[in-house]
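Convention: sequence-line order gives letters A, B, ...; per-chain numbering from 1.
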Amino acid sequence: MLIKRRFEELEELRGKGFEPYAYSFAVDSNSEDVKANFIENSEEKRTVKIAGRIMAIRRMGKASFAHLQDMKGRVQVYLRKDDIGDSYDAFKLMDIGDIVGIEGYVFKTKTGEISVHVTDLQLLSKSIRPLPVAKETTDEHGNKVVHDQFVDKELRYRQRYVDLIVNSTIKDTFIKRSRIISAMRNYLDAKGYLEVETPILQPLYGGASARPFMTHHNSLDTDLYLRIADELYLKKLIVGGFDGVYEISKDFRNEGMDRTHNPEFTMMELYVPYKDYVWMMQFVEIMIQNICTVVFGKIDFVYEGKNISFKSPWKRVSMVDVIKEKTGLDILKGTNEELKETAKKYGVDILKAEGRSKLIDELFSVTVQPELIEPSFVVDYPLDLSPLAKKHRTINGLVERFEGYVAGREICNAFSELNDPIDQRDRFEGQVRLREEGDAEAHQIDEDFIRALEYGMPPTAGLGVGIDRLVMLLTDQSSIRDVIFFPQMKPEVNQ
RNA sequence: GGGCGCGUAGCUCAGGGGUAGAGCAUCUGCCUUUUAAGCAGAGGGUCGGUGGUUCGAGCCCACCCGCGCUCACCA
């Protein structure tokens with residue numbers, strides 16, 4: 001088939017003395033630079049060496065045009081038999097997808113496209129699989145129209161390398177992702193917080209409510225878990241005396257997958273001693289604004305057609321108030337019966353949401369959360385949903401916790417960290433009871449963490465930011481799979 | 001895990017019981033400023049898989065595999 005044909009071409013090229021897999025090529029320019037630095041009607045011809053993948057070929061006998069694609073985009077090149085001789089015959093054996101290096105001078109064609117007139121052509125890598133190339137045209141309004149674009153989601157995710165070659169716009173999202181993380185890291189570093197690494201393989205998992213992945217260490221003959229959060233280890237480092245630590249890394253949760261959940265996902269967790277959640281709210285607001293400005297040069301965005309501005313101040317509402325406002329129910333004073341009634345009224349499945357706090361959480365998700373479009377902090381959560389957060393300093397039954405919401409989605413979660421070892425043990429024991437009642441996501445008791453708290457942990461503010469979701473928000477992507485290079489898929493059975 | 005939808009050439013898609021189709025890509029010939037280059041010709045398919053119904057199955061039925069959307073769960 002097609003691949004076989006390409007093998008033949010490859011051997012033919014080798015026969016002609018063209019090594020199809022070169023060792024290097026001294027690039028001194030790129031597609032963007034060639035076009036940006038072209039001087040109209042210049043006496044002097046500018047010579048450049050560029051390398052890239054052939055994405056289109058238009059052959060006209062003894063001369064051809066082709067488009068080369070590099071990291072910066074595409075540029076047209078012009079090849080003539082008169083100029084390159086034998087290389088032109090070799091070029092006839094080259095295909096869309098081949099990677100070549102060229103030397104030539106920059107000129108403008110009759111139709112006005114800045115191009116490179118090739119004086120030397122080298123094959124750098126022969127492609128033996130046909131690329132699903134789309135063609136682009138411009139309609140009467142000057143809009144770019146792509147014909148037969150490579151759109152099969154399964155193929156795009158499984159063969160992301162192909163997706164990246166042929167769908168040039170997606171590359172941009174991933175570049176943005178990388179820059180968002182860099183900007184965050186730079187910001188945290190500038191504040192003097194130390195980036196650290198803690199174990200991914202853990203004998204106990206903790207720091208969140210989730211089911212873990214399990215693995216086994218052979219020489220220790222021990223079951224280990226892939227972490228579901230970094231939290232407990234990072235707080236142990238705060239006990240150790242660091243002035244603020246953070247970690248940007250993968251967490252793993254063995255749960256359902258959908259457009260906002262991938263089994264492995266990237267989280268940033270930050271812990272700052274001597275601060276509380278009020279301080280952290282301010283911090284998050286400014287950090288996000290900073291990232292937006294550095295990466296995008298703006299703080300106003302559109303997500304799924306909705307306008308979102310990260311301008312200060314973000315709305316701050318307490319969970320109690322916002323639920324009361326929406327449903328008329330005071331979750332602190334209302335009886336269990338009233339709560340159940342209200343929940344039912346708003347369509348909460350009260351059989352699934354067992355326990356008062358879970359019911360409140362569910363009621364919140366259904367009634368309030370979808371309406372939190374502009375950046376908002378929801379403050380003060382029911383105590384038993386948050387076994388690692390400090391009790392509220394004035395309101396009984398709540399903890400000092402906030403979540404940031406944008407476009408109806410949670411983007412961060414933070415609390416004044418619980419540093420009372422006796423209270424922490426009580427809370428863990430509450431989780432054990434939940435586990436005994438069948439809650440597979442309840443926390444395990446981490447004795448070493450309690451021991452660390454017993455040595456004394458300063459009052460600390462902690463924060464977790466879901467990086468993938470932040471990237472989705474800022475790049476207007478509706479599926480987490482479109483901000484992760486290689487989203488989790490079932491294994492291919494055979495090729 | 002449930003519901004809905006999809007799977008046909010390398011890619012994008014038609015075809016819904018009676019000889020497997022189109023455009024792009026590929027191959028051959030012509031063509032030294034083209035740009036979805038053009039002109040003339042050609043090749044290319046286990047129609048996701050396995051069974052079944054039928055004289056006959058991409059097409060109808062069952063099961064399986066994969067993907068998407070969605071619900072449940074979660075960040």
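- Here B:U32 is the nucleotide among B:C11, B:C73, B:U32 with the atom lying nearest to any side-chain atom of A:Ala63.
- With sequence neighbours excluded, the residues forming a side-chain contact (heavy atoms from CB on, under 4.5 Å) with A:Asp384 are A:Ser357, A:Pro382, listed by chain and number.
- For A:Leu155, the listed nucleotide lying nearest its side chain is B:C11; candidates were B:C11, B:U32, B:C73.
- Counting any heavy atom pair closer than 4.0 Å across all strands shown, A:Asp361 reaches no nucleic acid atom.
- Put simply, A:Arg158 has a side-chain N or O that comes within less than 4.0 Å of OP1 or OP2 on B:C67.
- Note on A:Arg481: only backbone sugar-phosphate atoms sit closer than 4.0 angstrom, heavy atoms only; bases stay farther off.
- Contact between the side-chain N/O atoms of A:Lys490 and the OP1/OP2 oxygens of B:G66 is found at a separation under 4.0 Å.
- Side-chain N/O atoms of A:Gln202 and A:Tyr233 include no donor and acceptor closer than 3.5 Å.
- Between the side chain of A:Asp258 and the base of B:C69, no donor-acceptor pair of N or O atoms lies under 3.5 Å.
- When the nearest nucleotides of RNA chain B are assigned to A:Phe107 and A:Ala56 by heavy-atom distance, the more 5′-ward of the two goes with A:Phe107.
- Using a 3.5 Å distance cut-off with no hydrogens or angles, the side chains of A:Ser249 and A:Glu197 do not pair a donor with an acceptor.
- As judged by a 4.0 angstrom heavy-atom cut-off over every strand, A:Gln76 is placed among the base-contacting residues.
- When the nucleotides B:U33, B:U26, B:A72 are ranked by their closest atom to the side chain of A:Ile96, B:U26 comes out on top.
- A:Val166 comes within 4.0 angstrom of nothing in the nucleic acid, heavy atoms only.
- Taking only side-chain atoms of A:Glu154, from C-beta outward, the nucleotide of B:C11, B:C67, B:U33 with the closest atom is B:C67.
- In this structure, the NZ atom of A:Lys153 is 14 Å from the C1' atom of B:U70, given to the nearest Å.
- Here the separation of B:G49 from B:C59, taken at their P atoms, is 10 Å to the nearest Å.
- In this structure, A:Phe265 reaches the bases: a heavy-atom distance under 4.0 Å links it to at least one base atom across the strands shown.
- Across the strands present, B:C24 finds its partner in B:G10; the criterion is a Watson-Crick or G-U wobble pair with both atom distances under 3.5 angstrom.
- Of the side-chain N and O atoms in A:Arg259, none sit less than 4.0 angstrom from OP1 or OP2 of B:C69.
- Nearest to the side-chain atoms of A:Asp82 among the listed nucleotides B:U32, B:C67, B:G10 stands B:U32.
- Side-chain proximity of A:Glu9 to B:C69, B:A36, B:C27: nearest is B:C27.
- Nearest to the side-chain atoms of A:Met60 among the listed nucleotides B:C73, B:C11, B:U32 stands B:U32.
- A 6.0 Å sphere centred on NZ of A:Lys315 holds no more than 12 heavy atoms belonging to other residues, nucleotides or ligands.
- When distances are taken from the side chain of A:Lys135 to each of B:U32, B:A36, B:U12, the shortest belongs to B:A36.
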Would you tabulate the side-chain donor-acceptor contacts of residues 476-484 of chain A under 3.5 Å, counting partners in other chains and residues two or more places apart, or write 'none'?
{"unit_1": "A:Asp476", "atom_1": "OD1", "unit_2": "A:Glu304", "atom_2": "N", "d": "2.8"}
{"unit_1": "A:Ser479", "atom_1": "OG", "unit_2": "A:Arg481", "atom_2": "N", "d": "3.1"}
{"unit_1": "A:Asp482", "atom_1": "OD1", "unit_2": "A:Tyr157", "atom_2": "OH", "d": "3.0"}

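- Straight-line distance from the CG atom of A:Asp95 to the C1' atom of B:C11: 15 Å, rounded to whole Å.
- In terms of phosphate contacts, A:Arg58 brings a side-chain nitrogen or oxygen within less than 4.0 Å of OP1 or OP2 of B:A37.
- Taking every side-chain heavy atom of A:Asp148 into account, B:C24 is the closest of B:U33, B:C24, B:U34.
- Residues A:Phe377 and A:Phe402 bring their aromatic ring centres within 6.0 Å.
- With B:A36, B:C73, B:G68 as the candidates, the nucleotide lying closest to the side chain of A:Glu441 is B:C73.
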